[in-house]
Trainee: 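Here it is: the structure, laid out below.
Ligands are counted one by one from 1 in listed order, and the atoms in each one are counted from 1 as well. Here, residue 1 is the first one in the sequence, and each next residue gets the next number. Computed from a predicted model, the values in this text were never measured in an experiment.
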Amino acid sequence: MGKHILILEGDGIGPEIVREAVRVLDVVNRQFNLGITTEHGLMGGCSIDAHGVPLTDETLARARKADAILLGAVGGPKWDKLDRAIRPEKGLLKIRSQLGLYANLRPALLYPQLVEASSLKPEVVSGLDILIVRELAGGIYFGEPRGIRVLENGEREGYNTYKYSESEIIRIGRTAFEMARKRNGKVCSVDKANVLEATMLWREVMDELHKDYPDVELSHMYVDNAAMQLVRAPKQFDVLVTGNMFGDILSDAAAMLTGSIGMLPSASLDKDGRGMYEPCHGSAPDIAGQNIANPLATILSVSMMLRYSLNEPAVADAIEAAVGKVLDQGYRTADIYTEGKTKVSTSQMGDAVVAALN
Ligand code: IPM
Ligand code: MG
């Protein structure tokens, strides 16, 4: 039976970039006879506007039934002043935790054509291919207790809880080791084990788990050093595995190595490989509706979806080759534009990828 995809465009540039990604999905669906069906739903600010909450139970139920979810991005200034409990981001966090999407894969791959677009020197980034494996359903993002309370002296105090259980560390650790086996055989685990107990345990458990993967090389690095190494000598890394918050921060830094965060796809997988696919970037409200955003991160997220949840690696390869081809042809959205190239809009970039596939 054909696979079913739930599409959540979200807010800001979400609808524009998802539109191009869905065109690409439609083309490969026909070309390769995949029999994929799709439906659309609301999440984030658009859902708040329509239903008063960022993710309704009905949409969550549809997400549970889908074989995969394609997401644009959520959030924007329009909803920033709302009560904490119904902010757009809450919808995203809820779907991640409710669906058990604990393994967030964020590949930072530099297309050779974009070496000029990176803010780092070509020799530092050329050939870059690293994978950040970010724990996505635990850590300080979800730890209880949390909140903002009033102390006895009358001042307010904000507080969160950073915790990881052994089983949570083991399952994300396994993802990292298994990914490394298919790549260059190296895992660097990032923590703050010199200060935070939660990550002292993280380091211990990673070492214990390593015994199951003797063929993979394991190293450890403190997060502050990892941030520095990522911009100093990023090619030393193969797979980086880390907790939710550190992974959030390091993946944005890694994105810039590749020229633009507009190039970075991601996959968020559950224990069975079902997943949600979204660009690493946000909803970019400042450029929303202008048809200038880069749709390639979302198009590449479709490719990850075909690879990881729909078991269609050849189709994923075809999309990645098409992206390579449009970059060869010199097409660039504003975020990756360098002199001498052809500046294109969001929809023109979509056109070019579709043409490259045909
Ligand atoms: C990301 C985003 C989200 C996160 C926000 C929008 C909640 O920054 O996917 O990296 O922090 O996880
Ligand atoms: Mg982020």
Trainee: Near the Mg ion (ligand 2), which protein N/O/S atoms are found at less than 2.8 Å?
Mentor: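 Listed by chain and number, the atoms are D248 OD1.
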Trainee: Is K94 salt-bridged to D57, cutoff N-O under 4.0 Å?
Mentor: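 Salt bridge flag = yes for D57 with K94.
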Trainee: So, using side chain to side chain contact (heavy atoms under 4.5 Å, CB included) as the criterion, who are the partners of N225 when residues are at least two apart?
Mentor: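 N225: side chain to side chain contact (heavy atoms under 4.5 Å, CB included) contacts with M221, M228, Q229.
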Trainee: Please determine if K78 and D49 form a salt bridge, counting it only when a charged side-chain N lies under 4.0 Å from a carboxylate O.
Mentor: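 Salt bridge flag = yes for D49 with K78.
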Trainee: Enumerate the protein residues lying less than 4.0 Å from ligand 1, judged by heavy-atom distances, in chain and residue-number order.
Mentor: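 Lining ligand 1 at under 4.0 Å, by heavy atoms, one finds E89, L92, R96, R106, R134, Y141, D248.
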Trainee: For the pair R96 and E278, find out whether any cationic side-chain nitrogen is under 4.0 Å from an anionic carboxylate oxygen.
Mentor: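 The answer is yes: the pair qualifies as a salt bridge.
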Trainee: Name every donor-acceptor pair, under 3.5 Å, that has one atom in a side chain of residues 204-211 and the other anywhere in the protein, sequence neighbours excluded.
Mentor:
unit_1, atom_1, unit_2, atom_2, d
D207, OD1, H220, NE2, 2.8
D207, OD2, H220, NE2, 3.4
H210, NE2, V216, O, 2.7

Trainee: When you compare the side chains of Q113 and R332, does any donor N or O come within less than 3.5 Å of an acceptor on the partner?
Mentor: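 Side chains of Q113 and R332: no pair found under 3.5 Å.
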Trainee: Can a salt bridge be assigned to the pair R19 and E16 using a cut-off of 4.0 Å between side-chain N and carboxylate O?
Mentor: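 Salt bridge flag = no for E16 with R19.
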Trainee: Determine, for E320 against R307, whether the closest basic-nitrogen to carboxylate-oxygen distance falls under 4.0 angstrom.
Mentor: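 Yes, E320 and R307 are salt-bridged.
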Trainee: Under 4.0 Å between a side-chain nitrogen and a carboxylate oxygen: does that hold for K182 and E178?
Mentor: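 Judged by the 4.0 Å cut-off on N to carboxylate O distance, K182 and E178 do not form a salt bridge.
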